[in-house]
Amino acid sequence: MSKRIVLIGGGGFIGHNLALELNRLGNDVTIIDFLSINNFTTLLADSSRIFALYRKMLLERFDMLQWVKVPIFPVDARDYHQLSLAVAKIKPDVIIHLAAVAHIDRSNKDPYSTFDHSYRTLENALDVARALETPHFIFFSSSTAYGNFSAPVLDETAHCSPFGIYGTLKLNGENSVISHNQVFDLPYTIIRPCALYGPRCISGRVIQKFIEAGLAGEDINIQGDGKDREDFTYIADLIDGVVRIIDQPENSIGEIFNITAGEARGIGELAFHVKQHFPETTITYSDRDNMKPMRGTLSVEKAKRMLGYSPKYTLEKGLEEYIDWYRGFWPKEMGGKWTERNKVA
Ligand SMILES: NC(=O)c1ccc[n+]([C@@H]2O[C@H](COP(=O)([O-])OP(=O)(O)OC[C@H]3O[C@@H](n4cnc5c(N)ncnc54)[C@H](O)[C@@H]3O)[C@@H](O)[C@H]2O)c1
């Protein structure tokens, strides 16, 4: 069924991919994003070559969205009145909240801004949703809400004990969403994704860094001993899960879902697989970032049972598709050493 869907923070990596798919499926999709966090404004101040490449990726995102006529409202979701006016005009059936400083390191470096963009935007969105009696509010939480994994596989009933700014704000966000249901009957779904990767991502997470190292002929550097594990999830699987959540409100409302590949893999194993694509690279090691939680597999049994979710991308398959895309995007004249990688404003 065609629905009016608003994506707050929809100009980001997940949001634009989700908007394209929801649009393809015949929904009426609108993006609200002021493009200033991990987006155009962030990149404008930096003249490094990798940021020039990321700007190209952003342009491609917006070309693709414009091509299929998905509108983008450049509204700062911290501004309640602007957000309220923009969403009220649309009167959506579904509001999806994605806006955030979506990065563990960056959140810890700038808690104030993280609170503002992740939590204040959420409170504003919740208030707008309850005022408009929006039939379905979807919040993007994170696997970091669990904190250090207490077992190799966690399902949604596991105790959440986050540490650091990012995971803590995500769990606070979940509680705020649930409290709006308790007080105002707001119908909601909470999604806990993990370690997404895929085309047009500019976030510089580990898979992207490893592939860029391979493309530039640099070392693949593992932080730690390579035994850390993450439930790496290809973007197409996540999008499929979200589409199911939207299409099956009778099964998804009032629920929390892990939506991941459902199989954690080691960082050392990841490096090995990336190296298969770039045999000339060397794997090196440096200190682990101890603010990263120790993670494992997020069980997707609940999503399988209730939504018919069935992830299709193993790490090997996802890497193949992503590397293929990145090779096509990587400008030939840019071969060689790029020294300013991942410098973030
Ligand atoms: N990518 C992952 O691996 C991952 C994993 C778990 C959870 N998540 C969550 O999913 C959501 C989307 O992640 P992403 O990877 O697409 O991040 P992203 O950084 O690519 O996108 C976030 C978007 O939010 C926008 N935004 C931030 N503050 C805003 C504001 N005040 N007003 C309007 N827009 C604003 C930014 O401009 C950006 O386009 C986030 O909430 C993130 O925490 C992501």
Side-chain angles (χ1 to χ4, degrees), residues 6-19 30-44 54 57-58 61-62 65 72-80 82-83 86-87 96-107 110 112-125 128 138-146 162 164-174 177 190-208 230-235 237-239 241-242 257-261 292-293 295 298 318 344-345:
V6 168
L7 277 66
I8 300 174
F13 167 54
I14 295 175
H16 87 279
N17 278 299
L18 181 58
T30 304
I31 287 175
I32 292 181
D33 196 311
F34 82 143
L35 312 178
S36 286
I37 299 291
N38 197 27
N39 214 303
F40 275 116
T41 320
T42 329
L43 301 185
L44 284 177
Y54 291 173
M57 287 185 201
L58 291 179
R61 281 185 195 174
F62 296 107
L65 289 166
I72 303 172
F73 292 1
V75 169
D76 185 342
R78 293 173 300 175
D79 182 332
Y80 177 76
Q82 292 299 324
L83 182 69
V87 181
I96 307 180
H97 182 275
L98 301 119
V101 174
H103 205 281
I104 294 173
D105 306 347
R106 295 172 207 168
S107 302
D110 193 350
Y112 180 88
S113 160
T114 305
F115 176 88
D116 236 20
H117 292 287
S118 309
Y119 197 71
R120 185 173 307 287
T121 61
L122 174 63
E123 280 298 335
N124 286 348
V128 169
I138 299 175
F139 172 54
F140 265 77
S141 179
S142 161
S143 63
T144 56
Y146 293 113
I165 305 299
Y166 180 70
T168 301
L169 282 173
K170 284 297 182 189
L171 186 60
N172 289 350
E174 290 191 11
V177 172
I190 291 167
I191 303 177
R192 291 180 182 152
C194 184
L196 273 307
Y197 63 102
R200 298 174 301 282
C201 185
I202 63 160
S203 302
R205 295 191 183 86
V206 61
I207 292 188
Q208 186 176 4
E230 295 221 41
D231 198 338
F232 297 112
T233 305
Y234 197 60
I235 185 72
D237 278 334
L238 173 77
I239 301 301
V242 183
F257 290 102
N258 293 335
I259 302 285
T260 66
K292 293 230 162 85
R295 281 182 279 189
L298 284 83
V344 174

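Note that this is a predicted model, so its numbers are computed, not measured. Just so you know, ligand 1 is whichever comes first in the structure, and atom 1 is the first atom listed for that ligand.
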K.L.:
Can you work out which protein residues put a heavy atom within less than 4.0 Å of ligand 1?
P.N.:
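Within 4.0 Å of ligand 1, the protein residues are G9, G11, G12, F13, I14, D33, F34, L35, S36, I37, N38, N39, V75, D76, A77, R78, L98, A99, A100, A102, H117, T121, F140, S141, S142, Y166, K170, P193, A195, L196, R205.
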K.L.:
Return the set of residues passing side chain to side chain donor-acceptor pair (under 3.5 Å) with R120 (not counting sequence neighbours), or none when no residue passes.
P.N.:
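Testing R120 for side chain to side chain donor-acceptor pair (under 3.5 Å), a comparison that skips the adjacent residues, returns D116.
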K.L.:
A side-chain contact here means heavy atoms from C-beta on lying under 4.5 Å apart; do E174 and R192 qualify?
P.N.:
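Yes; the side chains approach each other to less than 4.5 Å.
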K.L.:
Any sub-3.5 Å donor-acceptor pair from H117's side-chain atoms to V101's backbone N or O?
P.N.:
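No, because the side chain of H117 does not come within donor-acceptor range (under 3.5 Å) of the backbone of V101.
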K.L.:
Describe, in one word, how the ring planes of H97 and F139 are oriented to each other, choosing from parallel (under 30°), tilted (30 to 60°) and perpendicular (over 60°).
P.N.:
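The rings of H97 and F139 sit tilted, inter-plane angle from 30° to 60°.
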K.L.:
Run the side chain to side chain donor-acceptor pair (under 3.5 Å) test against T233 and tell me which residues pass, sequence neighbours left out.
P.N.:
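Scan of T233 (side chain to side chain donor-acceptor pair (under 3.5 Å), adjacent residues dropped) gives none.
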K.L.:
S107: what forms a side chain to side chain donor-acceptor pair (under 3.5 Å) with it, not counting sequence neighbours?
P.N.:
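Per chain and number, S107 pairs via side chain to side chain donor-acceptor pair (under 3.5 Å) with no residue.
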